[in-house]
Amino acid sequence: MFAELSAHAAAIRDRLVDFMNEHVYPNERELLAPPPEDERWAPRPLAMALMAKAREAGLWNLFYNHGPEGAGLSNFEYAQLCEIFGRSLAAPELFNCNAPDVGNMELLAAYGSQEQKDQWLRPLLAGEIRSCFAMTEPAVASSDATNIETRIESDGNDYVINGRKWWVTGAPSQRCKVAIVMGKSDPSAPKHKQQSMILVPMDTPGLTVVRPLTVYGYEHAPLGHAEVDFKDVRVPARNMLLGEGRGFEIAQGRLGPGRIHHCMRFVGLAERAVESMCRRARSRSAFGSTLAEMGGVRQAIGQSRCEVEQARLVTLKAAWMMDKLGNKAARNDIAVAKIVVPSLAGAVIDRAIQLHGGAGLSHDFFLAEAFAETRFLRIGDGPDEVHREALARVELERQK
Ligand SMILES: Cc1cc2nc3c(=O)[nH]c(=O)nc-3n(C[C@H](O)[C@H](O)[C@H](O)COP(=O)(O)OP(=O)(O)OC[C@H]3O[C@@H](n4cnc5c(N)ncnc54)[C@H](O)[C@@H]3O)c2cc1C
């Protein structure tokens with residue numbers, strides 16, 4: 001479905017499809033293979049070379065519409081392009097469109113001071129460095145962000161940070177140079193004014209990447225996820241984002257668009273799973289017929305088509321609402337997509353795994369890792385229950 005694409009967006013789409021066919025699919029296994037132990041977190045030459053090619057081809061910062069560094073696409077247009085590169089888990093990084101950097105760049109563009117933009121946004125947009133976002137903590141239920149305990153204390157011209165975070169995506173990478181850290185700057189303030197966000201260079205003394213974490217055993221190197229400790233980490237006061245007590249405000253602004261980008265990619269993964277199902281079903285026979293001739297398999301394919309269409313439509317609607325009414329007004333539509341799409345895409349991919357038999361669970365196909373990705377997003381960026389709760393609040397209020 002390529003509705004309402006401008007000539008500019010359509011031209012990018014065509015280049016993107018060519019790039020995927022020429023450079024991404026043929027290299028996908030190599031890009032996603034676990035690196036050698038001693039090079040786990042180092043930049044990978046193949047990925048770096050493809051990033052340079054993508055940039056040359058004008059396939060860079062496609063998400064970004066705050067300035068000339070981006071492609072100038074609407075959310076509705078970006079959703080359709082994101083679906084194309086979302087078909088491969090190896091692709092988003094190549095176009096400088098991967099989480100959490102996308103959310104961090106959006107955040108810096110919207111809330112950063114000129115100095116913060118010059119220091120961190122510019123090299124992020126250029127793909128020279130990577131970043132991470134440290135909100136979740138092992139010691140508290142972090143789906144309720146008012147629980148966050150990390151302290152950000154003012155001390156002269158500095159802030160001093162103490163606390164422990166985990167599931168910090170991107171932190172283990174050698175290319176990750178800055179963390180955006182959420183913590184309490186004033187525990188005595190009203191509940192939603194206690195938290196702040198602050199920029200912390202990764203080489204600041206006292207910041208320790210304690211251990212990498214895995215998702216169903218996938219380490220996701222060279223970006224990865226990590227537990228990170230902050231012990232008397234001192235940064236200048238100018239690193240504070242927007243001002244003390246503004247952490248919640250920033251979190252809402254950051255997580256909305258970030259959530260919908262995951263959904264856009266998952267539509268691509270699910271679409272590819274249906275294609276893979278059909279190819280597999282036609283190419284294998286059991287008990288006297290091809291799999292494609294079996295009623296149960298046909299039901300699985302038909303059901304999957306229905307679910308991909310549902311996932312795509314709620315995603316495009318949310319993107320369209322963001323364009324027409326702004327991110328804030330679109331927040332219910334974003335929440336609907338965030339709940340519905342990972343489950344639908346996960347169900348489609350799970351069915352595709354079943355149809356592929358043992359092969360579906362192996363690294364020879366993209367399905368196993370894709371399933372892990374969709375499963376994680378029913379928890380990451382806020383668990384489904386929290387988004388359902390928010391939707392219920394709005395619905396109940398509406399019916400008062
Ligand atoms: C792969 C991965 C990458 C991540 N990347 C990042 C990152 O880069 N930065 C970052 O800060 N965090 C990151 N996270 C963390 C993620 O955002 C949190 O795990 C998530 O917000 C939930 O917090 P929690 O794990 O503390 O779960 P908890 O808050 O302990 O919640 C546990 C469960 O309680 C239930 N629950 C909670 N609230 C309700 C409710 N209102 N009603 C009913 N049930 C409820 C839900 O089932 C929920 O899953 C990542 C997580 C994963 C798995």
Side-chain angles (χ1 to χ4, degrees), residues 89 92-93 98-107 124 130-150 152 161 163-173 175-184 195-200 202 207 209-230 241 247-248 250-259 261-262 265-266 335 338-339 342-343 346 368-396:
L89 295 173
E93 185 193 5
N98 58 297
D101 295 299
V102 163
N104 291 343
M105 287 186 259
E106 295 272 11
L107 184 158
L124 279 167
R130 297 236 164 271
S131 59
C132 61
F133 183 73
M135 182 158 110
T136 305
E137 300 183 357
V140 296
S142 303
S143 51
D144 175 357
T146 62
N147 285 337
I148 299 296
E149 284 178 340
T150 290
I152 302 176
I161 302 154
R164 185 166 282 230
K165 302 285 186 182
W166 75 341
W167 288 115
V168 185
T169 299
S173 164
R175 299 185 64 224
C176 180
K177 300 297 178 198
V178 66
I180 297 176
V181 180
M182 180 148 162
K184 267 193 182 132
Q195 311 279 352
S196 300
M197 282 197 201
I198 194 158
L199 289 157
V200 181
M202 292 298 284
L207 187 161
V209 176
V210 178
R211 59 171 179 144
L213 300 165
T214 59
V215 178
Y216 286 132
Y218 294 107
E219 204 164 40
H220 294 155
L223 301 181
H225 319 275
E227 184 163 336
V228 181
D229 192 55
F230 296 82
L241 280 156
F248 267 93
I250 302 174
Q252 286 317 311
R254 178 190 187 277
L255 289 173
R259 285 174 183 142
H261 293 166
H262 285 300
R265 292 191 293 103
F266 285 179
K338 165 68 178 75
I339 297 161
S343 284
E369 197 163 359
F371 178 79
E373 187 78 2
T374 57
R375 183 64 188 85
F376 121 68
L377 218 77
R378 290 172 52 201
I379 294 172
D381 282 0
D384 289 355
E385 292 89 340
V386 173
H387 297 294
R388 280 196 209 101
E389 167 65 31
L391 284 175
R393 224 177 11 249
V394 174
E395 289 301 321
L396 290 165

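Order of appearance sets the numbers: ligands from 1, and atoms from 1 within every ligand.
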Worked verdict on V210 versus W166 for side-chain contact (heavy atoms from CB on, under 4.5 Å): CA-CA 9 Å; V210 178; W166 75 341; over 6 Å; no
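- In this structure, OG1 on T146 lies 7.5 Å from CD on Q195, to the nearest 0.5 angstrom.
- Each of the following atoms of ligand 1 lies closer than 4.0 Å to a heavy atom of I379: 19 (O), 20 (C), 21 (O).
- When each atom of ligand 1 is checked for a heavy atom of M135 under 4.0 Å away, the hits are 10 (C), 11 (O).
- A heavy-atom separation below 4.0 Å is found between G382 and ligand 1.
- Residue contact check: E385 has heavy atoms under 4.0 Å from atoms 42 (N), 43 (C), 44 (N), 45 (C), 46 (C), 47 (O) of ligand 1.
- At the top of the distance list for atom 6 (C) of ligand 1, counting protein heavy atoms only, stands W167 O, 2.6 Å.
- Annotation: T136 places an N or O atom under 3.5 Å from an N or O atom of ligand 1; distance criterion only.
- Polar contact check, T169 against ligand 1: a nitrogen or oxygen pair lies under 3.5 Å apart.
- The nearest protein heavy atom to atom 12 (N) of ligand 1 is closer than 4.0 Å.
- Side-chain N or O atoms of S142 include one that pairs as donor or acceptor with a backbone N or O of V140 at under 3.5 Å.
- Taking each of S131, A179, S142 in turn, the one with a heavy atom nearest to atom 24 (P) of ligand 1 proves to be S142.
- Using a 4.0 Å cut-off to heavy atoms of V140, the atoms of ligand 1 that qualify are 26 (O).
- Between S143 and ligand 1, at least one N/O pair is under 3.5 Å apart.
- Heavy atoms of L213 stay at 4.0 angstrom or farther from ligand 1.
- Under the 4.0 Å distance rule, the nearest protein heavy atom to atom 32 (C) of ligand 1 falls outside the cut-off.
- There is no side-chain donor-acceptor pair under 3.5 Å between D101 and N104.
- Which of V386, V168, V215 comes nearest to atom 38 (N) of ligand 1 through a heavy atom is settled by distance: it is V386.
- Interface atoms of ligand 1 facing F376, defined by a heavy-atom separation under 4.0 Å, are 1 (C), 2 (C), 3 (C), 52 (C), 53 (C).
- For ligand 1, the atoms sitting less than 4.0 Å from at least one non-hydrogen atom of D381 are 17 (O), numbered in the order shown with element in parentheses.
- Close contacts between ligand 1 and F133 involve ligand atoms 7 (C), 8 (O), 9 (N), 10 (C), 11 (O) [criterion: under 4.0 Å to a heavy atom].
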